[in-house]
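Accompanying notes for the structure given below.
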Protein chains: 2
Amino acid sequence: MVKVRLATPVLQENNEVARENRERFRKHGIFVLNLMSSPGSGKTSTLERTIGHLAGRLRMGVIEGDIYTTKDAERIEAHGVPVVQINTAGSCHLDARMIRPALEDFDLDALDLLIVENVGNLVCPAEFDLGEDARAAVLSVTEGNDKPMKYPLVFRQSEAVLINKVDLLPYTDCDISQLEKDLKLINPELQLFRVSARLDEGFGPWIEWLQKKVQEKKRGEPQAG
Amino acid sequence: MVKVRLATPVLQENNEVARENRERFRKHGIFVLNLMSSPGSGKTSTLERTIGHLAGRLRMGVIEGDIYTTKDAERIEAHGVPVVQINTAGSCHLDARMIRPALEDFDLDALDLLIVENVGNLVCPAEFDLGEDARAAVLSVTEGNDKPMKYPLVFRQSEAVLINKVDLLPYTDCDISQLEKDLKLINPELQLFRVSARLDEGFGPWIEWLQKKVQEKKRGEPQAG
């Protein structure tokens with residue numbers, strides 16, 4: 001089997017820029033979350049609900065990663081938060097060098113939380129550090145029980161997983177308890193949140209977790225865990 | 001914006017091996033389909049139903065592309081068709097050089113149809129020719145209406161799209177007519193098939209289309225359209 005691998009220099013250069021981005025976020029006291037998922041799991045919808053719940057509580061900004069369109073950025077903009085669109089023009093993930101120029105478009109002193117919605121892809125985005133403080137993944141119950149075991153890297157690197165579309169559970173063969181067990185097997189530290197973005201249900205514990213992470217960052221506490 | 005692009009030599013070398021694979025399939029009169037989709041859209045389930053419907057009508061083989069596990073190959077093997085697993089060990093797509101050694105494990109003269117289930121990814125697999133005769137995509141209604149416009153390449157290159165999980169339509173906000181219009185806008189030649197792999201519904205026209213393609217290949221007719 002022959003593998004196509006990214007050349008080491010590409011990842012090294014990315015990691016250097018990621019360090020610069022991370023230092024910049026630290027100076028401004030912004031907590032940055034890299035949100036990843038498969039296409040269609042509901043990243044943008046969960047983000048819209050998150051914005052709604054955090055309105056008036058945290059000052060939030062969004063970077064939208066998309067291959068070609070500005071559809072997601074338009075949806076976010078309608079909620080009145082500052083949003084910058086990055087079109088990767090074919091590339092299947094964001095990297096740290098794409099994030100750097102996008103930061104020029106924000107007033108970083110006016111933000112507590114920056115969420116980066118990555119390109120819809122369960123594989124490649126996980127290989128690129130953007131300079132974020134934490135990663136989270138969205139996984140919907142309609143995608144099937146086998147996804148954690150088939151795409152472990154993204155879940156191993158995440159601190160939280162939003163299990164979305166739980167309103168559809170009665171109509172699928174998904175065993176959500178088994179799904180959660182598998183996720184914990186891959187990463188015992190994972191925080192799991194069952195939500196329905198469509199019905200705006202279950203977001204309380206997720207919002208509390210986000211607020212706690214933002215407060216820790218403000219106080220300069222380590223972000224792990 | 002800085003893009004990470006695959007170096008041209010990688011794609012050139014891939015295309016050369018793809019040509020060799022294609023010539024080999026031609027000699028043996030095998031119709032080869034490259035099946036692509038997002039993770040969790042139901043590629044393996046639609047493939048299982050397809051095997052069931054074609055049993056006794058066509059001699060079929062399967063190549064399973066997966067990053068780490070053999071879960072999908074085990075599901076296919078249970079249906080009694082020859083299956084070869086390719087683990088890409090981190091790579092987010094199959095390429096022609098991975099297909100070549102896998103062909104050694106088949107009796108190619110004993111096959112009419114070879115279906116290659118690509119890695120679950122709506123972006124990268126579309127860039128790699130495997131030597132196949134045609135491509136098809138699976139898209140589930142739970143993934144949302146915006147997927148064709150956000151990930152156009154895979155749909156532009158496919159001849160057929162299986163729109164899966166139509167049994168969940170009443171519980172989603174998906175507008176399937178609009179979804180089909182968008183797919184046709186991207187690729188007016190697309191054959192669209194509404195199916196439910198879970199309930200084994202709607203597979204008749206898809207099976208007819210596959211049988212027609214296999215017969216055309218046997219007769220040495222051009223495969224386009």
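Only heavy atoms go into these numbers, but all of them, side chains included; no hydrogens, no water, no symmetry mates. Letters A, B, ... mirror the listed sequences (proteins, then strands); counts begin at 1.
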**Q.** Expected output: side-chain B:Asn14 to main-chain B:Ala96 donor-acceptor under 3.5 Å
**A.**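 Looks like yes, one N/O pair under 3.5 Å.
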
Q. Has the side chain of A:Ser158 got a donor or acceptor atom that lies under 3.5 Å from a matching backbone atom of A:Val161?
A.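 It does not hold such a pair.
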
Q: Return the option, out of A:Pro39, A:Cys92, A:Gly42, A:Gly120, with the maximum number of heavy-atom pairs under 4.5 Å with chain B.
A: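 Max contact count across the listed options: A:Pro39.
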
(Q) Over 60° means perpendicular and under 30° means parallel, so tell me whether A:Phe128 and A:His93 are parallel, tilted or perpendicular. (A)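 Parallel, since the angle between the ring planes stays under 30°.
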
Q.
Using the rule given for salt bridge (Lys or Arg N to Asp or Glu O under 4.0 Å), can you reason through A:Glu104 versus A:Arg24, listing the C-alpha separation, both sets of side-chain angles and the distance that settles it, and then say yes or no?
A. CA-CA 11 Å; A:Glu104 302 304 325; A:Arg24 200 159 166 195; 3.1 Å; yes

Decide, yes or no, whether a salt bridge links [X] with [Y] under the criterion of side-chain N to carboxylate O below 4.0 Å.
{"X": "A:Glu159", "Y": "A:Arg135", "answer": "no"}
{"X": "A:Arg75", "Y": "A:Glu48", "answer": "yes"}
{"X": "B:Glu180", "Y": "B:Arg194", "answer": "yes"}

Q: Report the option among B:Ile99, B:Asn121, B:Leu122, B:Thr44 that has the most heavy-atom pairs separated by less than 4.5 Å from atoms of chain A.
A: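 Heavy-atom pair counts peak at B:Asn121.
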
Q) When only heavy atoms count and the cut-off is under 4.5 Å, which of residues 139-147 of chain A reach chain B? A)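 A:Thr142, A:Glu143, A:Asp146, A:Lys147, listed by number.
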
Q: For chain B, find its close neighbours in residues 172-179 of chain A: heavy-atom separation under 4.5 Å, sorted by number, or none.
A: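 Near chain B, by residue number: A:Thr172, A:Asp173.
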
Q) Within a strict 4.5 Å, meaning less than it, do heavy atoms of the B:Met149 and B:Leu185 side chains meet? A)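 Yes; the side chains approach each other to less than 4.5 Å.
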
Q: Please collect all salt bridge (charged side-chain N to carboxylate O under 4.0 Å, His left out) contacts where either partner lies in residues 161-171 of chain A, sequence neighbours excluded, each pair once.
A: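 Qualifying pairs, neighbours excluded: A:Asp167-A:Arg198.
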
Q. Does anything in residues 65-72 of chain B get under 4.5 Å of chain A by heavy atoms, and if so which residues?
A.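 Residues of residues 65-72 of chain B touching chain A at under 4.5 Å: B:Asp66, B:Ile67, B:Tyr68, B:Thr69, B:Lys71, B:Asp72.
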
